[in-house]
Amino acid sequence: MAATLPKEIRALAEGDFGEVAARFAQAGFTVGLPAKGVLTVKAATPSAERAAVLLSVGVHGDETGPIEMAAYAIEALSRTPSALAVDLMLCVGNIDAIAAGKRFIDADLNRMFRDQRGDLAGTFEAGRADTLIAATAAFFDGSGPRRWHLDLHTAIRGSRYPRFAIVPELIADGPRRALIAWLGLGGIEAVIMNPASAGTYSYWTAERHGAAGTTVELGRIGTLGQNDLSQFAAMASALHGLLRGQAQAGGNQPIVFNTAQSITKLSDAFTMSFGRDTENFTPLKKGDVIARDGDTVYTVQHDEECVVFPNPDVRVGLRAGIMVVRAG
Ligand SMILES: O=C(O)CCC(=O)N[C@@H](CCC(=O)O)C(=O)O
Ligand SMILES: [Zn+2]
């Protein structure tokens, strides 16, 4: 990690919440540090009326922009702690990968949120996921029904919609609509409805804790301390209001896409018909070959499907891309 990093960014990236935790405790909140990189701040008197918001960043160690954004957000909030109007859990996902400047140490942390991990069990990230799963359960247990999880990421490649989100279909209608409207306020241009878990953190919180959980892609990966924070301005402002319980309105409604098919890498023979740097939401035509994997040939089924997260380099058994179609 660069020696010249601003101190709030360094502290957050290292999972050190000492100073901000002390400020919230001083202001009378119930503060917890259940694991390195995890901070919880709850009202001293529990209330089911209060929303519970889990904000996670750095689940992928090379996705550094949201870490910077969260560092400035929590620093500012801790300077006026009484403004906090929700129960908050701030989670820095993969601290060791952040320190190493890598996406992960052994395996993708964002595929560990499942009961059966197969050959992912025993990896460094499996242990970290167990820690986060326990801290997350403790946070949401006893909280009221207004539960949110915003898991902030940045994408490996460019995108026709630079800011987009993945939203589990199983979230109940009301909270899902509220979440999507709020995402629009945060500058999110497109949402992808996800019908099935790929082992991700946000799907886990939606499924296990009834949270309005989403993975939010805020732009492109960058070097810690060198991200252009202006690309996150709308999201930073929406977060500012959410954490302070401010009435929020405005923004454009995101375009909604449904998942047409999820492409799984079945073997080392897996090849994609296009390059690794193919932009997210690149359209393909019916019948086009997406990928080949031994005897399996993945082809486009609808008149048009757009490819998102095309990545032939994932482990065998994991998602190597999603094909999406515009809803409605
Ligand atoms: O750019 C990429 O290929 C990956 C960006 C990323 O980390 N995306 C998340 C999405 C999680 C979800 O589907 O909810 C991931 O793949 O973990
Ligand atoms: Zn990511």
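Along the sequence shown, the residues carry numbers beginning at 1. What's counted below: heavy atoms across the whole structure, side chains too, no hydrogens, waters or symmetry copies. As the structure lists them, so they are numbered: ligands from 1, and atoms in each ligand from 1.
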Centroid-centroid distance, F232 to Y72, less than 6.0 Å: no
Closest heavy-atom pair and its distance - R146, E49: NH1-O, 2.5 Å
The Zn ion (ligand 2) - closest N/O/S atom in H153: ND1
T136 versus Y201, closest heavy-atom pair with distance: OG1-OH, 2.7 Å
F164-F257 aromatic ring centre distance below 6.0 Å: no
The Zn ion (ligand 2) contact by E63, N, O or S atom under 2.8 Å: yes
Min side-chain heavy-atom separation I322-Q261 under 4.5 Å: no
Hphob cluster co-occupancy, F104 + L318, side-chain heavy atoms under 4.5 angstrom: no
Distance-only side-chain donor-acceptor flag, T259 / N194, under 3.5 Å: no
Set of residues that line ligand 1, where lining means a heavy atom lies under 4.0 Å from it: H60, E63, R103, N110, R111, H153, A155, I156, R157, I166, T200, T215, E217, F309, R319
The Zn ion (ligand 2) to H60: nearest N/O/S atom name: ND1
